[in-house]
Amino acid sequence: MNRMVRSIFKRMTKKAVSVVKDKDQLNEVSVDSLKKGALYKGRKGMDDMWVDVKTFSRLVQEVKKGSYRDISKKSVVMIVGALLYFVSPIDAVPDLLAGVGLLDDVAVIGFVASQLKQELEKFREWETGIKI
């Protein structure tokens, strides 16, 4: 990630700390990310991002309900920070720029997914009823 993207993502993770504590805001970020992600569903190069956004959203919903607890608070903050970055109209590359507007969103979502790969795999297994 370039410096500007990192700076904005860092700001979003700081905001995520308070969002994680507020179930209404947490729900709003989760729902908004699904709405925005659905707009790009099926677009070339967006498939992996869409899968990750959906996983992040489901995970946030389960954490919000208290039914999934096998994840660190730091990881939840990173996920919420990535979703905030994704839904925010203020990011490094405006989404309106044809062809390149979502590249920073893809980078942030992909970065967080790669950093939390094992935790996301555990969550997906938990979702399907497989116990580790």
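From a predicted model like this one, the values you see are computed outputs, not experimental measurements.
Here Asp32 contributes atom CG and Leu83 contributes atom CG; the two are 10.0 Å apart, rounded to the nearest 0.5 Å. Rounded to the nearest 0.5 Å, atoms CD (Glu121) and OG1 (Thr55) are 11.0 Å apart. In this structure, Phe111 CZ and Arg6 CZ are separated by 8.5 Å, a value rounded to the nearest 0.5 Å. Atom CG of Leu120 and atom CD of Gln115 lie 11.0 Å apart (nearest 0.5 Å). Atom CD1 in Ile71 sits 10.0 Å away from atom CE in Met78 (nearest 0.5 Å). Atoms NZ and OG, from Lys36 and Ser88 in turn, are 8.0 Å apart once rounded to the nearest 0.5 Å.
By the neighbour-count criterion of 12 heavy atoms within 6.0 Å, atom CG of Asp47 is densely surrounded, having more than that number from other residues, nucleotides or ligands.
Screening Leu34, Ile79, Val51 for a side chain to side chain contact (heavy atoms under 4.5 Å, CB included) with Phe56, the sole residue that qualifies is Ile79.
Remark: Asn27 engages Val31, Gln61, Lys64 in a side chain to side chain contact (heavy atoms under 4.5 Å, CB included) (not counting sequence neighbours). With sequence neighbours left out, Ser33 forms a side-chain hydrogen bond (donor to acceptor under 3.5 Å, both in side chains) with no residue at all. Listed by chain and residue number, Lys65 satisfy the salt bridge (Lys or Arg N to Asp or Glu O under 4.0 Å) test with Glu62 (two or more places apart in sequence, or in another chain). Partners of Asp22 under the side chain to side chain contact (heavy atoms under 4.5 Å, CB included) rule, at least two apart in sequence or in another chain, are Asp24, Gln25.
Here Arg124 pairs with Asp52 in a salt bridge; the nearest charged N to carboxylate O distance falls below 4.0 Å.
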Tyr68/Glu127 under side chain to side chain contact (heavy atoms under 4.5 Å, CB included): CA gap, chis, key distance, verdict: CA-CA 9 Å; Tyr68 187 71; Glu127 277 187 305; over 6 Å; no
Going by atom type alone, with no hydrogens or angles, which donor-acceptor pairs under 3.5 Å involve a side-chain atom of residues 10-21 and a protein atom two or more places apart or on another chain?
from: Thr13; atom 1: OG1; to: Phe9; atom 2: O; distance (Å): 3.4
from: Thr13; atom 1: OG1; to: Lys10; atom 2: O; distance (Å): 2.8
from: Ser18; atom 1: OG; to: Lys15; atom 2: O; distance (Å): 2.9

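Residue pairs meeting the side chain to side chain donor-acceptor pair (under 3.5 Å) criterion with at least one member in residues 71-80, sequence neighbours excluded, are Ser72-Ser75, Ser75-Glu119.
Across every non-hydrogen atom of Phe86 and Ile109, the tightest pair is CB-CD1, 4.1 Å.
Considering only heavy atoms from C-beta on, Asp105 comes within 4.5 Å of Tyr85 through its side chain.
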